[in-house]
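The structure appears below as structure tokens.
These numbers come from the heavy atoms of this one structure, side chains and all, not from hydrogens, waters or symmetry mates.
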Amino acid sequence: MLIEGYDGGPLVAGEPLVARPGFWSNHLLGSCCRDVGAEPEWFGDDGADVDAMSEVLMDPERWPVFRVPLEGGYGVVVVYRNLVGDYGVDYLLTHPSRSSAHRIASWEGDLEGDTLRWRELIRIADSPSSVAEGIEDPAARLLLLLPLLNDHALPDEAVETFSAALVAVGAPQDTAPNTAEHLLDHSAGAYGTTPHGPRRSAAAQALPAPLEAESWRAWGSPEDRRSHMWPDLLGVLNDDV
């Protein structure tokens, strides 16, 4: 598998992993539930499942890539960047007309970068491409991109929507609403920032040059960055039609 700007990384298709035990605990516990005493059982997993999947997801010889394609050619791509000593999860925006992927955000203990509002996340989850390869299941798409959610005005149906998604991927039905509430707590915007915008770590500096060719900070405010990075996509996601 090739992604422009990741030529030095051993990328492999990760989509089959979302159906395996232990995946959702690994993907969501750290980024969304680490401060509330979450357990693998919240996702229908056990400790052995989580440990086994962790070895797969963090293998420095194989970097799993999860593609979330949309109609119109856009795609959001999640890359487990398993650099030894510099691990992170990158969220990228791709389009056939662009020469390289654009990094939306990275998670390295905190989320740094740009985020999605509720409506945008739902539109991405519910708008799979009919032709491109990648994850098509709306529940898996929704949960995979949950760490990007940052919205202070979540609708009343948010917990019910995420609860249903959790049950669809194997979480216990009786505890799914409580798990959904905890997952959504992170969307109040508690991620790494500085007075000038998103914090850029040493890992960000080490990313391949094409991903860092345009500085976030040079784009100004968060709204300027959002419109600069994906104006056409935001137009599609926020279209009432």
Side-chain angles (χ1 to χ4, degrees), residues 14-46 49-50 53-54 57 64 66-70 75-78 80 89 91 93 104-107 109-111 113-129 134-191 226 233-234 236-238:
E15 290 89 359
L17 299 178
V18 303
R20 287 177 51 178
F23 175 79
W24 294 110
S25 293
N26 272 282
H27 187 67
L28 294 175
L29 280 179
S31 59
C32 302
C33 295
R34 61 182 177 178
D35 297 327
V36 295
E39 300 289 342
E41 287 76 15
W42 291 19
F43 302 92
D45 299 325
D46 61 31
D49 294 334
V50 176
M53 179 56 64
S54 179
L57 290 174
F66 303 87
R67 293 163 293 181
V68 182
L70 290 79
V76 180
V77 179
V78 181
Y80 274 69
V89 179
Y91 295 83
L93 181 70
I104 302 169
S106 289
W107 185 84
D110 288 301
L111 188 70
D114 293 294
T115 54
L116 292 169
R117 298 189 181 117
W118 170 260
R119 176 173 176 160
E120 295 161 356
L121 177 60
I122 294 298
R123 291 294 292 272
I124 291 175
D126 291 342
S127 304
S129 170
I135 296 173
E136 298 180 358
D137 177 60
R141 291 163 68 92
L142 183 69
L143 294 171
L144 189 68
L145 300 182
L146 171 60
L148 292 178
L149 178 62
N150 178 31
D151 198 326
H152 293 271
L154 293 173
D156 293 340
E157 68 269 19
V159 170
E160 181 179 354
T161 298
F162 271 97
S163 178
L166 287 165
V167 172
V169 300
Q173 188 167 5
D174 58 337
T175 59
N178 184 61
T179 303
E181 289 184 4
H182 285 298
L183 288 173
L184 290 169
D185 281 346
H186 92 286
S187 68
Y191 58 93
R226 283 163 54 84
L233 177 58
L234 285 176
V236 171
L237 296 178
N238 291 289

Minimal non-hydrogen separation, Gly14 against Pro64, with atom names
CA-CB, 4.2 Å
Of all the heavy-atom pairs spanning Ile135 and Ala140, show the shortest one and how long it is.
CG2-CB, 3.8 Å
CG of Asp49 to CD of Glu41, rounded to nearest 0.5 Å, is 9.5 Å
For the pair His27 and Tyr80, name the ring-plane relationship: parallel under 30°, tilted 30 to 60°, perpendicular over 60°.
tilted
Is there a side-chain contact between Leu116 and Val76 (heavy atoms, below 4.5 Å)?
no
Can you give me the closest heavy-atom contact between Thr115 and Glu120, atom names plus distance?
O-OE1, 4.4 Å
Which atoms form the tightest heavy-atom contact between Arg67 and Val77, and what is the distance?
CG-CG2, 4.4 Å
How far does CH2 of Trp42 sit from CG of Leu29, to the nearest 0.5 angstrom?
8.0 Å
Evaluate the side-chain contact (heavy atoms from CB on, under 4.5 Å) criterion for residues Leu145 and Val78: first the C-alpha distance (whole Å), next the side-chain angles of each, then the deciding distance (0.1 Å), finally the verdict.
CA-CA 8 Å; Leu145 300 182; Val78 181; 3.9 Å; yes
N/O donor-acceptor pairs under 3.5 Å from side chains in residues 160-178, not counting sequence neighbours:
| unit_1 | atom_1 | unit_2 | atom_2 | d |
| --- | --- | --- | --- | --- |
| Thr161 | OG1 | Glu157 | O | 2.9 |

For residues Leu148 and Leu121, determine if any side-chain heavy atom of one lies less than 4.5 Å from a side-chain heavy atom of the other.
no
Which atom pairs, one a donor and one an acceptor, fall under 3.5 Å between side chains of residues 19-26 and the rest of the protein, sequence neighbours left out?
| unit_1 | atom_1 | unit_2 | atom_2 | d |
| --- | --- | --- | --- | --- |
| Trp24 | NE1 | Val18 | O | 3.2 |
| Ser25 | OG | Asp45 | OD2 | 2.6 |
| Asn26 | ND2 | Gly22 | O | 2.8 |
| Asn26 | ND2 | Val50 | O | 3.0 |

Non-hydrogen atoms of Leu70 and Ser129 that approach each other most closely
O-CB, 3.5 Å
If you count the non-hydrogen atoms of other residues, nucleotides and ligands that lie under 6.0 Å from CD in Glu181, is the total more than 12?
yes
Would a 4.5 Å heavy-atom cut-off, applied to side chains only, mark Val159 and Leu154 as touching?
no
Do Arg141 side-chain atoms and Asp126 backbone N/O form a donor-acceptor pair below 3.5 Å?
no
Between CD on residue Glu136 and CD on residue Glu15, distance to nearest 0.5 Å
10.0 Å
Among Leu144, Leu149, Leu142, the one residue meeting side chain to side chain contact (heavy atoms under 4.5 Å, CB included) with Leu146:
Leu149
